[in-house]
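In what follows, chains carry the letters A, B, and so on, assigned in the order in which the sequence lines appear, proteins first and then strands, with residues in each chain numbered from 1. Below, all heavy atoms of this structure are taken into account, side chains as well, without hydrogens, waters or symmetry copies.
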Amino acid sequence: MEQLSAKYNPTEVEDKWYAWWLDHKFFHSEPSDKEPYTIVIPPPNVTGILHMGHVLNNTLNDVLIRKARMDGKNACWVPGTDHASIATESKVVAKLKEAGISKESLTREEFLKYAWEWKEEHGGIILKQLRKLGASCDWDRTKFTMDPDLSEAVINTFVYFYKKGLIYKGVRMVNWDPEGLTAVSDEEVVHKDTKSHFYHLKYYISDGNGNPTDKFLVIATTRPETIMADAAICVNPADERHHWLRGKKVLIPLINREIPVIEDDYVEMDFGTGCLKVTPAHDVHDYEIGLRHNLPVLEIIDDHGKLNEKAQILVGEDRFVARKKIVKMLEGAGNLVKVEEYTSPVGYSERTNAVIEPRLSAQWFLKMDALAEKALETVESGKTRLIPDKYRNTYRHWMENVRDWCISRQLWWGQRIPAWYLPDGKIVVEPNAEEALKAARKINPSLKAEDLRQDEDVLDTWFSSWLWPISVFDPERPGHPEHAPNADLSYYYPTNDLVTGPDILFFWVARMIMAGNEFMEKEPFHNVYLTGIVRDKIGRKMSKTLGNSPDPLDLIAKYGADAVRIGMLLCSSAGNDIFYDESQVEQGRNFCNKIWNSYRLIKSFEVDEDAPHKEAAAVAVKWFDARLSQVIETVEDHYSKFRISDALMAIYKLFWDDFCSWYLEAIKPGFVNGVAEKIDRKTYDATLRFFDSLLRMIHPVMPFISEELWQNMEERAEGETIMYAPTPKAGKYDPAFIENFEIAEETINGIRGLRNSKNLPPKEFLTVRFKGDFPEEMIPVVAKLSNASLEKAEDFKDEAGAGFMVRTIEFFVPLKGLVNVEEEIAKIEKDLEYQHRFLDSVRKKLANEQFTAHAPAAVVENERKKEADSLSKIESLSAQLNALKNNK
RNA sequence: GGGCGCAUAGCUCAGUCGGUUCAGAGCACCUGCCUUACAAGCAGGGGGUCGACAGUUCGAAUCUGCCUGCGCCCACCA
């Protein structure tokens, strides 16, 4: 790039350097004697595509990993994908349906063949997209939760917990997803307030022979389509209104089946009518009442959510259609008393959004109590830190109220449960069919392989991803805590930081902690940084269905990956939601351009070896050297507290304000007769050194432009990259010098402001006189940046002009005839008035004995200094005022 | 219904130990500039009763209580 264009053009730069990094295997890590720094990626769905949430998450991960790499650690970021059983299976089913193939017409093996083909073809697109973002993952280590060895780890884990007695099979009320045709865990059910109706229905008392009498009771229900499955009517034993019902039987409307009236404390007397219809097969609480009272369980809704023949009526109708129809029928039969509008929480499947049907079925469960207790301790003791801290409360609450984890799913895509049924119903759990047969023969020696039938279900996806931080390094380990960890696992585990969304804190993070405790006896990560959710400008969650999410690849193409990365991070403090707006990315792009142009300026400098090191430049160099160290300290402090956006903002301001606006302007050679002056060697070398440090500071968040410019600065050795250039270290610096430079900045601003208000063009040279403790070493800088000379004066009472103050230093610009004296007088009078008010308040404070007695000495001392400063300001302002009035 | 958290400039947020002229930053906005790196820029400027009320204190954005509004998590009163 001989000729640098006036604007930064990211596209080719990014592709070029990413390919080069890959080529040189810079992302790859092997165990070494260096300190490791490890991150495992939160594995995205293998079928997923990159969305803004991924951008946020993976940019943060990349910033941390690149920073660690430059800090000299052996950084390893393991990428991979998750098989996402329900999501993927439903995508495959949908695709087959398009091709006219129904899942039911296929065998398990045929279906899985399609699924794998589909995965090979479309899976992992997201990993390719991450490269566009600049993610420095160790791609050689890419894993998939259904890789053969990782699947084996899952199976071994199941066998391990089963043999330990923590996994059991039980008939339970589960959350049935009639669309996904599988049970889902409690955590995968989203409760949403849903408008429905409260139907009040008459149940007539039976005469004992199945005939209705004229007496009746009224129940209230939201689900009239389930009345055919009623097993009883239940009232509270303390409810006197219903004591006449004791021992009575009632008839279910429409089908006239006789059911008893029972009593149970569960029923709330003041809710509804105080009479509850008990439907054990289709409601969790009813099921429990049924157990207590030995009620029969009659299931009338099938897998697909349709009424079956046991319902007697409306057979084959979908539950919601049936609801509408049965209301009409009940009305016709005179059983409908009234209908109320009613809003109640209804469970929906997180994956398919189908209304969950509570359903009785045999499922596999993992006992959670002991695991949760340990996992709670891991966080409470601080072995794993949650950032921000507020999530600790939420975490504790969940861990203390956890229920057993339903780990079976009625799907094909996933790890099949390694349980085999013997003909007599006994179960053996072994890692594979051969072992199972061996175990079965111990029970019954005559058994053959074909006598065993493997469980049809697969395991919940989280049952594989909870092993992720272990199994990506050593798949042999889960389920075999007695095995010595391999070299990778012993080196990289525990990982350092995990960046993920709070929505999967329990699904995933908590369970990884459990698995880590169980199989490694060590937490899987030290810090969990929880990001917010990316929302649009008006606060809506970004989603495909709303169409309010930009395609990150489009953004990258338009603005560049660096711009997208910093734009995203500048406004994202930990745990807070991000309100995304394209203007943030624009800001990122503008910053790239600023960096680019500052480099163009530096590159345009021509060095004159004989040129003297000018005073202004010398001061600027000394100052920026100090300032750089100061900001490095700040930035490191922010990073250590995971205040990433603060760290970036500090770098942003260092680059833009301190380096470009002050430093470069101070050292920039001028023009003599239209010809650029040359720069001296010392200043030039210092500038390059500073620029090099700045690029290194910015590299973790803006990897591409930093590499591009760093490589362009000088001839680099083959394979030398900014990726491994060390993070700049803070040196010793003099804060007083920085403070003095700040006074110079304020002075310059004062002069510029004066020019602005008095319409004095920048080119007109000014003589500025000052009175007070102005740090005189800064005079050359002020002169250079404000086109003025500074002179110390004893007195400037007798001149006409305009003035300003910086702290307690007075400045005055003689401007005979150029100023409006009245205006100046008014301005000074206003200042004086403010000073008097301020002085009063300070004196009032000092006069308060309570204050001087109780406040720390330093605070009181400070008030006294304020008083003195104010007095001196008042004195000089008054003097100026008098002078102006006298000269009038 | 239970628990947790938040409320500071038009927007997104800092504000660490209660004390500096403490009311801040970035963006947005307004004014003037196409000045030899950058108009994706430069220079300057306006803008807030720190959600309300009460209290503790010499002193409160900061601590306490209560109220209002919002968010999140948990919980199937059918």
*Asks:* When all nucleic acid strands are considered with a 4.0 Å heavy-atom cut-off, which category describes Asn749(A): base, sugar-phosphate, or nothing?
*Replies:* sugar-phosphate

*Asks:* Is the Phe591(A) ring parallel, tilted or perpendicular to the Phe655(A) ring (thresholds 30°, 60°)?
*Replies:* perpendicular

*Asks:* For a quick check of understanding: with a heavy-atom distance under 4.0 Å over all strands, which category does Lys653(A) fall into, base, sugar-phosphate or nothing?
*Replies:*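 Contact class for Lys653(A): sugar-phosphate only.
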
*Asks:* Side chain of Arg643(A), heavy atoms from C-beta onward: which of A14(B), A37(B), A78(B) has the nearest atom to it?
*Replies:* A14(B)

*Asks:* Using whole Å, what does the distance between atom P of nucleotide A43(B) and atom CD of Glu665(A) come to?
*Replies:* 7 Å

*Asks:* Starting at CG of Leu569(A) and ending at P of A25(B), how long is that distance when rounded to a whole Å?
*Replies:*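 Rounded to whole Å, this separation is 22 Å.
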
*Asks:* By nearest atom, which of the nucleotides G5(B), G26(B), A78(B) is closest to the Thr221(A) side chain?
*Replies:*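 Closest of the options to the side chain of Thr221(A): A78(B).
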
*Asks:* For C42(B), what is the paired nucleotide under Watson-Crick or G-U wobble rules, both distances under 3.5 Å?
*Replies:* G32(B)

*Asks:* Rounded to the Å, how far apart are His854(A) NE2 and A60(B) P?
*Replies:*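 After rounding, the gap between these two atoms is 15 Å.
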
*Asks:* Please state whether the base of C4(B) and the side chain of Lys390(A) form at least one donor-acceptor pair under 3.5 Å?
*Replies:* no

*Asks:* What is the base-pairing partner of G48(B), counting Watson-Crick and G-U wobble geometry with both distances under 3.5 Å?
*Replies:*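 Across all strands, not a single nucleotide pairs with G48(B).
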
*Asks:* Separation of Asn597(A) atom CG from U35(B) atom P, in whole Å?
*Replies:* 15 Å

*Asks:* One thing to verify: whether Glu742(A) and Arg807(A) come together as a salt bridge, which I'm taking to mean a side-chain N less than 4.0 angstrom from a carboxylate O.
*Replies:* yes

*Asks:* Could you pick out which residue, Val675(A) or Phe838(A), lies toward the 5' side of RNA chain B when each is mapped onto its nearest nucleotide?
*Replies:* Phe838(A)

*Asks:* Could you check whether Asp869(A) pairs with Lys873(A) (Lys NZ or Arg NE/NH1/NH2 to Asp/Glu carboxylate O, under 4.0 Å)?
*Replies:* no

*Asks:* Between the base of A40(B) and the side chain of Arg589(A), is there any donor-acceptor pair under 3.5 Å?
*Replies:* yes

*Asks:* Students often get this wrong, so: under 4.0 angstrom with heavy atoms, is Asn401(A) touching a base, only sugar-phosphate, or nothing?
*Replies:*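 Touches nothing.
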
*Asks:* Mind checking Tyr342(A) for me? I need base, sugar-phosphate or nothing, with any heavy atom below 4.0 Å counting as a touch.
*Replies:*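 Result for Tyr342(A) = sugar-phosphate.
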
*Asks:* If you check every side-chain atom of Val859(A), which of G19(B), A78(B), C4(B) has the closest atom?
*Replies:* G19(B)

*Asks:* Mind checking whether Tyr342(A) and Phe271(A) have parallel, tilted or perpendicular rings, split at 30° and 60°?
*Replies:* perpendicular

*Asks:* Suppose you measure atom P in A61(B) against the same atom in U16(B); what distance do you get, rounded to whole Å?
*Replies:* 13 Å

*Asks:* Send over the distance from Gln584(A) CD to C27(B) P, rounded to a whole Å.
*Replies:* 12 Å

*Asks:* Return no unless some side-chain N or O of Trp656(A) is found under 4.0 Å from OP1 or OP2 of C42(B).
*Replies:*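 For C42(B), OP1/OP2 do have a side-chain N/O of Trp656(A) under 4.0 Å.
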
*Asks:* Would you indicate what Cys660(A) reaches in the nucleic acid, counting non-hydrogen atoms under 4.0 angstrom: base, sugar-phosphate, or nothing?
*Replies:*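 Touches a base.
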
*Asks:* Just how far, in rounded Å, is P of G26(B) from CG of Asn590(A)?
*Replies:* 15 Å

*Asks:* Once you apply the 3.5 Å cut-off to both distances, tell me the Watson-Crick or G-U wobble partner of A25(B), or none.
*Replies:* U12(B)

*Asks:* Quick check, does Phe851(A) stack with C58(B)? I mean ring centres under 5.5 Å and planes off by under 30°.
*Replies:*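 No; centroid distance or tilt outside limits.
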
*Asks:* Which whole number of Å gives the distance between the P atom of U12(B) and that of G71(B)?
*Replies:* 14 Å

*Asks:* Is the closest basic N to carboxylate O distance between Glu341(A) and Lys195(A) below 4.0 Å?
*Replies:*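 No salt bridge links Glu341(A) with Lys195(A).
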
*Asks:* Please classify the nucleic acid contact of Val267(A) as base, sugar-phosphate, or nothing, using heavy-atom distances under 4.0 Å.
*Replies:* base

*Asks:* Which part of the nucleic acid does Gln835(A) contact within heavy-atom distance under 4.0 Å: base, sugar-phosphate only, or nothing?
*Replies:*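 Base: the residue Gln835(A), judged by heavy atoms under 4.0 Å, touches a nucleobase.
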
*Asks:* Contact class for Asp577(A) (heavy atom, under 4.0 Å): base, sugar-phosphate, or nothing?
*Replies:*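 Sugar-phosphate, backbone atoms only, no base.
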
*Asks:* How would you label the contact of Pro502(A) with the nucleic acid (heavy atoms, under 4.0 Å): base, sugar-phosphate, or nothing?
*Replies:*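 Contact class for Pro502(A): none.
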
*Asks:* Tell me what Arg403(A) touches on the nucleic acid: a base, only sugar-phosphate, or nothing, going by heavy atoms under 4.0 Å.
*Replies:*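 Contact class for Arg403(A): sugar-phosphate only.
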
*Asks:* So, Glu586(A) and Ser583(A): side-chain donor and acceptor under 3.5 Å apart, yes or no?
*Replies:*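 Short answer, no.
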
*Asks:* Please compare Thr852(A) and Phe671(A) by the position of their nearest nucleotide in RNA chain B and report the one closer to 5'.
*Replies:* Phe671(A)

*Asks:* Please give, in whole Å, the distance from U12(B) P to Gln587(A) CD?
*Replies:* 15 Å

*Asks:* Roughly how many Å is it from CZ in Phe655(A) to C1' in C38(B), rounded to a whole number?
*Replies:* 12 Å

*Asks:* Which nucleotide, if any, forms a Watson-Crick or G-U wobble pair with U57(B), using both distances under 3.5 Å?
*Replies:* none

*Asks:* Taking any heavy-atom pair under 4.0 Å as a contact, classify Ser604(A): base, sugar-phosphate, or nothing.
*Replies:* nothing

*Asks:* So Lys668(A), base contact, sugar-phosphate only, or nothing? Heavy-atom distance under 4.0 Å.
*Replies:* base

